[in-house]
Amino acid sequence: MSPLRHFLGPVLALSLVGLPASADEPAAPPTAPPMAPPMAPEGQEPEEVDAIAWHVSADSYARLFQRAAVPGPSGSLVQADFAAPFYQYALLQVRDIDLPWAKDSVDVELSAWGNVEMATAGTGGRRLDGDITVARVTHRIGPGYVGFGRQIYAGGAARFVRFDGLRAGIAAPFGLGLDAYGGFTVLPRWSARPGYYALGNAADTLLDDPSTLESPSRSQYWLAGARGYYRFHERFEVGASFHEQREDGGLGRRNLGGDLRLALVDEVTLRSRAVMDLDATDLTELRVALDMAPRKDVDVGLGFFHAVPALFLSRQSVLSVFSTSAYDEIGADLGYRPIRALALGVEGWAQRFTAGDLGARLGGQARLRPDLPTKPILVLAYRRILEPINGYHSLRAAVSAHPIPPLLLSTEVFTYLYDAPIQGVSTSFVGIQSVRYAFVDWLAATLSGSAAQTPYAEHDLQALARIEIDVEGGSR
């Protein structure tokens, strides 16, 4: 473990400026089994070894872009854009820290990101950027907890928010529980760009330096909310939530939410979620899904979705008053595994828009994964999209394999065929090639490249180099 410690020191010092970009990938196991505590001398009680768990993740991305836009009006030529940004994401988690009055009761999480634009067209130089994504300390106290710092809350009426403040909750007896949060909103960097504050105001869009705009006051950007719930084992949960958010001293959002999960049997689960905008007295969204597994090799899903996208926006945005984009969607998907190596899926969904227009999306997919030493995977998929303005067919083919255990090769090809030409172009094409090599369980590197032709770009070339570090451990 000594080389690992020497390696992690400079990595944390240099790259703890980002957040993990691969949260969906499972963390790698420790590279060595935990050591047993030393034996106490004869006649003495063995010394108890405290348990502290830690996790470090760092992702480094070097990207390269070149895009040549399709000629503009009257055949005017557009110069090809070139960019070479570098991104750094990192995460540090420490769990089960002791306090004098409570053992294994404190968790700490820190994640951040950094970016340097090494060759961006039109900027005339390099640009540095970065921010803290999460900086949170959580203390567990019996059936409750309290956390403070920069953190994220997702779900219910809040949907997704990031704030600097407090969050607390308790799981009371008999399945009852309550979570509450509040603090100052973390303002997005792009909110200070020209044209965002006064949409449609030409004076803003003509500004060359966004720093000339007045900085917003954090005290006028705050949020608060809570969710109460009742949970009965793993079979039933119902919750109600409230969220209010203020922006520049005015109302941003005031939502009321409700959610339900019911699984009377293992093979059938009902899930539902609704969010209402109390200021507009209208449903922002409603989702109902029924998941069924009538057989071990069959999965069936039925669903209904209603949404008013304009109500997702802040009430301070002029676009929030336009609610003509509401739509309803209903449909189903079916998965079938005739043999262990083959998975088939089909889906069909119909949409109805506010003006009475109809749409649909249909598709199917076949996934073949034969039991071979190279672990190959072949995916073929087709999707048909029908919309009031335009529609398209999409085709996807993907193949991946491990020629040797640590090496992964993958290729993907996408083709889009439009019902009506867009800027005189009827097809789009995207091809992606990736190579990933895992040196050890906690260190891997990826090289990837893509080429595309679209109605908006004569060519779009991209390259990516990525280094992943994911280590966890602790004492027992």
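Quantities reported herein were computed from a predicted structural model and do not represent experimental measurements. Residue indices begin at 1 and follow the sequence shown. Scope of the values below: all heavy atoms of this structure, side chains included, with no hydrogens, waters or symmetry mates.
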Is [X] salt-bridged to [Y], cutoff N-O under 4.0 Å?
{"X": "Asp107", "Y": "Arg136", "answer": "no"}
{"X": "Asp104", "Y": "Arg140", "answer": "no"}
{"X": "Asp259", "Y": "Arg287", "answer": "no"}

Can you find a pair of side-chain heavy atoms, one from [X] and one from [Y], that are under 4.5 Å apart?
{"X": "Phe236", "Y": "Leu264", "value": "no"}
{"X": "Asp266", "Y": "Arg235", "value": "yes"}
{"X": "Asp282", "Y": "Asp277", "value": "no"}
{"X": "His55", "Y": "Arg95", "value": "yes"}

Examine Phe232 together with Tyr230 and report whether their ring centres are nearer than 6.0 Å.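 No, the ring of Phe232 stays outside the 6.0 Å limit from the ring of Tyr230, centre to centre.
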Under a 3.5 Å threshold, yes or no: a donor from one side chain and an acceptor from the other, between Ser400 and Ser410?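 No, Ser410 and Ser400 have no side-chain donor paired with an acceptor closer than 3.5 Å.
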Will you find, in the side chains of Tyr418 and Ser428, an N or O donor that is under 3.5 Å from an N or O acceptor?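 On atom types as modelled, these side chains qualify, holding a pair under 3.5 Å.
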Residue of the set Arg231, Arg271, Arg273 for which salt bridge (Lys or Arg N to Asp or Glu O under 4.0 Å) holds with Glu237: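 Considering Arg231, Arg271, Arg273, a salt bridge (Lys or Arg N to Asp or Glu O under 4.0 Å) with Glu237 is found only for Arg231.
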Does Arg167 qualify as a cation-pi partner of Tyr153, given the criterion of NZ or CZ under 6.0 Å from the six-membered ring centre and within 45 degrees of its axis?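 Geometry flag: not set, cation outside 6.0 Å or 45°.
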Show every salt bridge (charged side-chain N to carboxylate O under 4.0 Å, His left out) that has at least one partner inside residues 416-430, sequence neighbours left out.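 Passing the test, one end in residues 416-430: Arg384-Asp419.
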Scan for salt bridge (charged side-chain N to carboxylate O under 4.0 Å, His left out) pairs involving residues 391-407, sequence neighbours excluded, and state none if there are none.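 Passing the test, one end in residues 391-407: Arg396-Glu412.
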When you measure from the side chain of Arg352 to the backbone N and O of Ile330, does any donor-acceptor pair fall under 3.5 Å?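 No, Arg352 side chain to Ile330 backbone: no donor-acceptor pair under 3.5 Å.
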Checking side-chain hydrogen bond (donor to acceptor under 3.5 Å, both in side chains) for the pair Asn115/Tyr61: CA distance, chi angles, key distance, verdict? CA-CA 9 Å; Asn115 167 230; Tyr61 292 84; over 6 Å; no
Indicate every side-chain donor-acceptor pair of residues 368-382 with a distance under 3.5 Å to a residue at least two apart or in another chain.
residue	atom	partner	partner atom	Å
Tyr382	OH	His393	ND1	2.7

